[in-house]
Amino acid sequence: MRPLLLLDVDGPLNPHRADGIPPGYREHEITEGTKTWRLLLNPQHGVELNKLASTFDLVWATSWENGANRLLAPLLGLPELPTITWPDRRPVPRGSWKAPYVADWVGDRPFVWVDDEVGESEFTADHQLVYPIDARIGLTATDFAAIRSWADGKSFADKAFPAHP
């Protein structure tokens with residue numbers, strides 16, 4: 001069973017807390033209907049994520065929900081990805097408000113969850129990696145190498161993980 005790579009947008013792919021435009025990023029203004037967003041995206045992220053798709057099943061785990069496929073995937077050169085949706089976005093006392101929905105969605109599947117608003121202690125099983133990202137910097141080459149290294153150190157073929165419905 002291939003592991004999942006759960007992707008948040010704001011923070012990891014769009015370093016929304018950066019001072020200025022970090023090297024390698026391009027500013028984009030996206031308009032849909034009456035809403036307009038300013039994002040910083042690095043085209044190299046699309047290249048790296050497409051490479052990781054040979055090991056991982058990529059999944060949007062972002063408050064952009066299906067908008068990530070419509071508005072962001074084309075800018076990054078990504079195909080349409082499955083999307084975790086969030087019925088309730090209320091803050092929780094500890095950890096990320098996304099964690100219960102992620103847990104329900106992934107079940108027992110192995111995964112790496114890349115997000116700027118999550119703590120490493122959200123999930124602690126050996127086949128789960130929560131990977132916090134600094135929203136001032138976004139994903140770096142070092143982060144992509146660490147994610148690849150984690151997958152290389154695991155053997156998912158000999159484990160029976162149920163597929164997501």
Side-chain angles (χ1 to χ4, degrees), residues 1-18 28 30 32 37 39-42 44-140 142-151 154 156 161-165:
M1 176 64 57
R2 289 163 43 95
L4 302 168
L5 179 55
L6 309 175
L7 299 165
D8 184 25
V9 170
D10 293 322
L13 298 176
N14 171 32
H16 61 102
R17 297 192 193 280
H28 296 270
I30 299 172
E32 184 175 60
W37 301 270
L39 286 96
L40 301 173
L41 297 174
N42 184 333
Q44 188 61 34
H45 286 167
V47 172
E48 292 294 336
L49 290 169
N50 279 311
K51 286 181 191 174
L52 286 171
S54 66
T55 302
F56 291 90
D57 291 336
L58 306 181
V59 177
W60 291 121
T62 173
S63 59
W64 284 77
E65 292 184 340
N66 292 309
N69 278 321
R70 284 191 321 274
L71 304 169
L72 306 178
L75 295 173
L76 293 168
L78 295 175
E80 185 170 326
L81 304 178
T83 304
I84 299 174
T85 57
W86 320 106
D88 186 1
R89 298 180 188 199
R90 279 184 287 195
V92 294
R94 284 188 22 198
S96 170
W97 60 269
K98 293 179 182 177
Y101 305 109
V102 166
D104 286 345
W105 205 90
V106 301
D108 289 331
R109 291 266 315 259
F111 68 85
V112 174
W113 180 13
V114 178
D115 200 309
D116 64 312
E117 295 181 352
V118 69
E120 291 177 11
S121 64
E122 296 281 352
F123 294 87
T124 58
D126 183 52
H127 67 284
Q128 301 168 334
L129 174 64
V130 175
Y131 198 88
I133 296 293
D134 186 334
R136 296 169 299 177
I137 300 169
L139 277 163
T140 65
T142 301
D143 298 321
F144 284 109
I147 292 166
R148 275 191 298 280
S149 177
W150 179 85
K154 306 291 179 196
F156 300 111
F161 296 102
H164 185 269

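Quick caveat: nothing in here was measured; it's all calculated off a predicted structure.
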Can you establish whether the number of heavy atoms outside Arg17 located under 6.0 Å from its atom CZ is more than 12?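 Result for CZ/Arg17: open.
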Could you walk me through whether Thr62 and Trp86 satisfy the side-chain contact (heavy atoms from CB on, under 4.5 Å) test, starting with their C-alpha distance in whole Å, then the side-chain angles of each, then the deciding distance to 0.1 Å, before giving a yes or no? CA-CA 9 Å; Thr62 173; Trp86 320 106; 5.6 Å; no
[X] side chain near [Y] side chain, heavy-atom distance below 4.5 Å:
X: Phe111; Y: Val59; result: no
X: Asp143; Y: Val114; result: no
X: Leu58; Y: Leu5; result: yes
X: Trp113; Y: Lys98; result: yes
X: Leu75; Y: Ile30; result: yes

Any residue meeting salt bridge (Lys or Arg N to Asp or Glu O under 4.0 Å) with Asp116, in chain and number order, not counting sequence neighbours: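 Once residues adjacent in sequence are excluded, Asp116 has no partner under the salt bridge (Lys or Arg N to Asp or Glu O under 4.0 Å) criterion.
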Do you know which two heavy atoms are closest between [X] and [Y], and how far apart they sit?
X: Leu81; Y: Thr83; answer: O-OG1, 3.3 Å
X: Ala18; Y: Arg136; answer: CB-O, 3.3 Å
X: Gly138; Y: Pro15; answer: N-CB, 3.8 Å
X: Pro79; Y: Ala73; answer: O-CB, 4.0 Å
X: Arg2; Y: Asp57; answer: NE-OD1, 2.8 Å
X: Asn14; Y: Asp10; answer: ND2-OD1, 2.8 Å

What's the spacing between [X] [atom1] and [Y] [atom2] if we round to 0.5 Å?
X: Gln128; Y: Trp150; atom1: CD; atom2: CH2; value: 8.5 Å
X: Asp134; Y: Leu139; atom1: CG; atom2: CG; value: 11.0 Å
X: His45; Y: Leu13; atom1: NE2; atom2: CG; value: 6.5 Å
X: Leu76; Y: Leu49; atom1: CG; atom2: CG; value: 7.5 Å
X: Leu78; Y: Leu7; atom1: CG; atom2: CG; value: 8.0 Å
X: Leu71; Y: Glu32; atom1: CG; atom2: CD; value: 4.5 Å

In chain order, what residues pass the side chain to side chain contact (heavy atoms under 4.5 Å, CB included) check against Glu80, with sequence neighbours excluded?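 Glu80 satisfies side chain to side chain contact (heavy atoms under 4.5 Å, CB included) with Asn69 only.
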Verify whether the ring centers belonging to Trp37 and Trp64 lie closer than 6.0 Å.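 Yes - the distance between ring centres of Trp37 and Trp64 falls below the 6.0 Å cut-off.
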Reference residue Trp60; test side chain to side chain contact (heavy atoms under 4.5 Å, CB included); the match among Ile84, Val9, Thr85, Leu6: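 Only match with Trp60 under side chain to side chain contact (heavy atoms under 4.5 Å, CB included): Val9.
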